[in-house]
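The structure appears below as structure tokens.
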Protein chains: 2
Amino acid sequence: MTETAKIEGFDLLRFLPYLLNQAAEESSLTFQKVYKDRYGLLRTEWRVLFHLGMFGEMTATDIGTRGKIHKTKVSRAVYRLGQRRYLKRMPSETDRRVEWLVLTPAGEAVYRDLRDTAERYEEALLDGFTADEVAQLKRVLCRLGGTTDSAGSPK
Amino acid sequence: MTETAKIEGFDLLRFLPYLLNQAAEESSLTFQKVYKDRYGLLRTEWRVLFHLGMFGEMTATDIGTRGKIHKTKVSRAVYRLGQRRYLKRMPSETDRRVEWLVLTPAGEAVYRDLRDTAERYEEALLDGFTADEVAQLKRVLCRLGGTTDSAGSPK
DNA sequence: TGGTAATGGTTGTTTTTGTAACTAACAAGC
DNA sequence: GCTTGTTAGTTACAAAAACAACCATTACCA
């Protein structure tokens, strides 16, 4: 690294989207190694798996809505998870466009393993922050991310 | 959205890397529209431009290190910024592998415009949070993102 | 020196993503 | 019933990213 100089009031290193990105990048990449190395999962696949593990039976659209994942990404992730027998597709009885998705026992096992790992990883990540800081951080992030979802934020 | 059911302690919607990602994605995509529509810049190009605008003369490696951007991405971004005459490359006198990068007046102008826009955007983003919340948020994000950089955090 | 390793940077190839268009099924109005 | 409009989900194609291999230096060190 070299000199500095300029810096006229604005500081990229304090620019929020930048900071968010750096932090997200850091934490995502670290955890990515886990689900990738251990199960060969892509990020979207992991997210879809998690949604199913957490909420049980859902449709592709449900997942997309909840997780703000584009339907093409969901579609492809579901396809691959299906190939690996991590989930099963069940045609809806009432609407032939729809398929209900549900984890197979194998998928459940993967989910549980990754969930537990994620929990420990998060603890490590937050080590050194007070409970208050953590709570506030999450609250703020929820609002910033538009996760005004019932399931998440106490608002 | 359908039922819930399961939910056994762990909540993806409160999983930090997930939250970080959602928030980062949200803010990045929103601001992306600005530099894309206005100058046809890619995200990495914008980031490189910003680094140069903020720190002045740097090498490609400097930028990569600071911004955690892979060197191939930096390389290609620099190439395109050069094509648009937003930056100038100057061979180092002491090391023929190295090139110093510096914004042209045109590049400076773009930088200033986008920086000002970014500033206003950030204000809008943070509207509704107290100064304290903002300060703490940034501090925590700095640490999470590994931005222990002198230029940014009071630690 | 001369050989090996490390660094700065670029290029080529393969994966992933984003965008748009498309099929199939349902819904509504007339 | 038949047209028009929506919705669920997939597929095709273009753009962007990840990854690896690659020069051309420079640094290290016997």
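Throughout, protein chains are lettered first and strands after them, A, B, ... in sequence-line order, and every chain is numbered starting at 1.
Residue A:Arg96 places at least one side-chain N or O closer than 4.0 Å to OP1 or OP2 of C:dC26. In terms of phosphate contacts, A:Arg76 brings no side-chain nitrogen or oxygen within less than 4.0 Å of OP1 or OP2 of C:dG18. Within the 4.0 Å cut-off from OP1 or OP2 of C:dG9, at least one side-chain nitrogen or oxygen of B:Thr61 is found. OP1 or OP2 of C:dT16 has not a single side-chain nitrogen or oxygen of A:Lys73 nearer than 4.0 Å. Regarding contacts with the backbone of C:dG9, every side-chain N or O of B:Ser75 stays at 4.0 angstrom or more from both OP1 and OP2.
Position along DNA chain D of the nearest nucleotide to A:Tyr79 versus A:Glu25 favours A:Tyr79 as the more 5'-ward residue. Residue order along DNA chain C, read from the 5' end via each residue's closest nucleotide, puts B:Glu99 first among B:Glu99 and A:Leu42. For A:Arg97 and A:Arg43, each mapped to the nucleotide of DNA chain C holding its nearest heavy atom, the one lying further toward the 5' end belongs to A:Arg43.
Taking atom CD1 on B:Ile63 and atom P on C:dT7, their separation rounds to 19 Å, with Å as the unit. Put simply, CZ on A:Arg66 is 16 Å from P on D:dA8, counting in whole angstrom units. One atom, CZ of A:Arg80, and another, P of D:dT11, lie 13 Å apart when rounded to the nearest Å. Across the protein-nucleic acid pair, B:Met58 atom CE and C:dG9 atom C1' stand 16 Å apart, rounded to whole Å. Atom C1' of nucleotide C:dG18 and atom NZ of A:Lys71 are separated by 13 Å, given to the nearest angstrom. With rounding to whole Å, B:Leu41 atom CG is found 17 Å from D:dA15 atom P. Look at CD1 on A:Ile69: it is 15 Å from C1' on D:dG9, rounded to the nearest Å. Look at CD on B:Glu45: it is 12 Å from C1' on D:dA15, rounded to the nearest Å.
Of all nucleotides listed (D:dT10, C:dT10, C:dG9), D:dT10 comes nearest to the side chain of A:Arg89. Taking the side chain of A:Asp95 as heavy atoms from C-beta on, and the options D:dT10, C:dT16, C:dC26, the nearest nucleotide is C:dC26.
Between the CD atom in A:Glu108 and the CZ atom in A:Arg112 there is a gap of 5.5 Å [rounded to 0.5 Å].
Looking at heavy-atom distances under 4.0 Å, B:His70 makes no contact with the nucleic acid at all.
A:Gln22 places none of its side-chain heavy atoms less than 4.5 Å from the side chain of B:Leu141.
Using bins of under 30°, 30° to 60° and over 60° for the plane-to-plane angle, the ring pair B:Phe15/A:Phe31 lands in the perpendicular bin.
The side-chain contact (heavy atoms from CB on, under 4.5 Å) check on B:Ser75 picks up nothing, with sequence neighbours excluded.
Checking A:Thr117 against A:Arg38 by side-chain atom types alone, a donor-acceptor pair falls below 3.5 Å.
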